[in-house]
Amino acid sequence: MSSSTNLKPISWRGKGKAADSADVHFNDLNPTITYRQLHSRNLGVKDPLRVIALCDSDAFYAACEQIRLGIDPSRPLVVQQWDSLIAVNYPARKFGITRMEKIKEAKKKCPELVVVHVATYKEGEKEPGYWENPDTLTHKVSLDHYRRESMKVIRMFQEGLPSGEIEKASIDEAFIDFTRPVREEILRRYPDLAQVPPDAPQGPDSPLPPPPPIMWNDLGTVIPVSDLSPESSVTNTGEPNGHGLPDDDNESVDNFDDSITWHDVALAIAAELMGKIRRDIHSKLGYSTSAGIARNKFLAKLTASYKKPNSQSILRNAAIPSYLKPMPFQKIRFLGGKLGKAIAEEYEASTVGDLLNITLEEMQRKFGEESIWVYEILRGIDRSEVKEKSGVNKSMMAAKNLPNPITKPSQGPHWIRVLAAELALRLREAREETPALWPKTLVLHVRLGYDASRSKQAAFPFTRDASVDVIASAGDKLWKELVGADSSRTPPLKITHVALGFTGIEVMEAGQRTIAAFLKPPSTSNQAEGVDVSVKRKRDSRDDVEVTERVVVRRKSGSDSPTVSPDYTASFICDKCSKRISLPEDLMDDGLDDVIKEEALEALRVEHTDFHYAQELSRQLSSSAPPRKFRPSSGEQVATTKKKAPQHDGIARFFAAK
DNA sequence: ATTCCGCAT
DNA sequence: GCATGCGGAAT
């Protein structure tokens, strides 16, 4: 009722401004493709040959455990977290087992069910493990294994598609932009199309010749053009199907061969490529996947759920209207929540078809300007791009609900230590992949009693060896600031949730990365020893310039006396800033090859020069964007910002000897 | 910077 | 539910 009035419209995801819906392009399901369009490279979301796929793993957590334990994939298996289930594989679904069910019930439905409890951190342990009887009072869930497996899958996408953009959308799914690889393949298969025929009536703007016929048979399930039954898209039969790929079958392979378009050819090629990668993933890693292939992200996502598990579905443009019409719109991404509910109530609607006669103006009046996004989605239009996200998250959080709430401030450090152990491990592993990964801040969240929650953040020291101790003590400090140390307080302390996390995690770019490549990775076996090079960033009040101090911290772990004055042999003096620029000292010990040192020094020199150049640019330029290599990876600009120096002004900063 | 919210898997 | 992750917005 009135609750729908003050609804915050969902965020506008498309880049551009709101479309004039007279933008015929997106409405045209059968555009004529010209040579110019085929040869063009940068049509973006308006590319008439755009092809996007969404590929996700079937019951991913369950599959992870099944593979880890070498269990026959046809056996019913669930993943348990405390008393409930967080994943149910397809064989188990056949017994009617669902998530959000108690293990008791599940076992009753299927006595031979394999139940695996998710790994947990035990207090004091540095690594998670699969313990006998994990207790929510003393243990903390670890999803590390799933993250690691997820990365393996993502890597296979990336390797299988050097020219395609990959957006990791969640732990078990990724969007893939096939537009470019498909175009390359079209030109490879039909080389004649590379040239505009001399007799083409309108030169490059002439339409392509008629497309070749398509053999869909092994490419996946083609969503039929005329099937109006909602059942087909909703039901999940959960066929027994642990084994081979592909299992796709087309009920109606061909009652549309005369209507084949070049976009269908593009879809078919994408399906071929997608199938190859999926088979590869299955044979190399063991995971079965499902994919949807269509002209944009939203349709790809919807299409992926057409048939699961272990299959792929293809949505031809011609089938879009009939596929969408009976679709319950609350299944659509971003319409699963409040907005979807409000719309359903407002118009007493449940399917996309029910909403098709609501005009744009009407919707905007009720739900705000931005509901054009909804209006378009209902018509199969989605202008959002596949944004390259290789899997390095911008934040990393470890959280714990406390069924047994903390009542005394002194209990904080215990859980903080557990969370810190997880963060340390995760950061270390992330850096095995991407050495040049640097978290900027550490945040501590706590929830008090019912609803109130507070958080506190602080800069995290720049250190390559972010050990449990470093993280935990930084966390403890935040805890003190947040909770205080006094155990006597007005409303008695009652903390039901603690979370510790890194934010602002960034990958160093080009020049910087070359340096990072030379950094010795922290010893994985014994990370308690070693030298931390941390840097304090301080503001110099006088001239508003950032100064840095180099701080060498020696960690405990028995043995050795602190080494304090490193011997800087490999260094140079920059004639621009007349600073001595040195290689990190830990590169200098353990008899590193001189040649390598030289290369590292050279990389450092290049990087340092780049740094000055970037500064130069940021001073001079105001209009044009800086070259990519000088931009922080997260996308904030360097050149256009008012700040005196780019955020990563440097590794130089960290390595410059005073 | 902090505190929310809402969305999603 | 739980454990995450993301982005936006109000303060």
Need one value for [X]: base, sugar-phosphate or nothing, where a base atom within 4.0 Å counts as base even if backbone is also close, heavy atoms only.
{"X": "A/E101", "result": "nothing"}
{"X": "A/K168", "result": "nothing"}
{"X": "A/R333", "result": "sugar-phosphate"}
{"X": "A/D172", "result": "sugar-phosphate"}
{"X": "A/G336", "result": "sugar-phosphate"}
{"X": "A/R447", "result": "nothing"}

Handout entry: All side chain to side chain contact (heavy atoms under 4.5 Å, CB included) counterparts of A/A398, not counting sequence neighbours
Key =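 Here the qualifying residues are A/K140, A/L419, A/E422, A/L423.
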Counting side-chain heavy atoms from CB outward, which of [options] is closest to [X]?
{"X": "A/S453", "options": "C/dG5, B/dC4, B/dT9", "result": "B/dC4"}
{"X": "A/L143", "options": "C/dT4, C/dC6, C/dC2", "result": "C/dT4"}
{"X": "A/Q81", "options": "B/dT9, C/dG1, B/dA1", "result": "C/dG1"}
{"X": "A/N401", "options": "C/dG1, B/dT3, C/dA3", "result": "C/dA3"}
{"X": "A/E173", "options": "C/dG1, B/dT9, C/dT4", "result": "B/dT9"}
{"X": "A/K394", "options": "C/dA3, C/dC6, C/dG1", "result": "C/dC6"}
{"X": "A/M397", "options": "C/dG1, C/dG5, C/dC2", "result": "C/dG5"}
{"X": "A/I86", "options": "C/dT4, C/dG1, B/dC7", "result": "C/dG1"}
{"X": "A/R147", "options": "C/dT4, B/dT9, C/dA3", "result": "C/dT4"}
{"X": "A/N393", "options": "B/dG6, C/dG1, C/dC6", "result": "C/dC6"}

Handout entry: Donor-acceptor side-chain pairing of A/Y121 and A/E127 below 3.5 angstrom
Key =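 Note: A/Y121 and A/E127 side chains miss the donor-acceptor criterion.
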Handout entry: Atom CZ of A/R155: over 12 foreign heavy atoms under 6.0 Å
Key =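 For A/R155, atom CZ is crowded (more than 12 foreign heavy atoms under 6.0 Å).
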Handout entry: Under the side chain to side chain donor-acceptor pair (under 3.5 Å) test, residues paired with A/S84 that sit two or more places apart
Key =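 A/S84: no side chain to side chain donor-acceptor pair (under 3.5 Å) contacts found.
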Problem - Below 4.0 Å: OP1/OP2 of B/dC7 and any side-chain N or O of A/K338 - result: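 False: A/K338 side-chain N/O out of range (4.0 Å or more) of B/dC7 OP1/OP2.
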Practice task
Compare side-chain N and O positions of A/K331 against OP1 and OP2 of B/dA8 and report whether any pair is under 4.0 Å apart.
Solution key: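 It does not, given that no N or O in the side chain of A/K331 lies less than 4.0 Å from OP1 or OP2 of B/dA8.
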Practice task
Run through A/K152, A/R278, A/E149 and flag the one making a side-chain hydrogen bond (donor to acceptor under 3.5 Å, both in side chains) with A/Y287.
Solution key: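 Among the candidates, only A/E149 passes.
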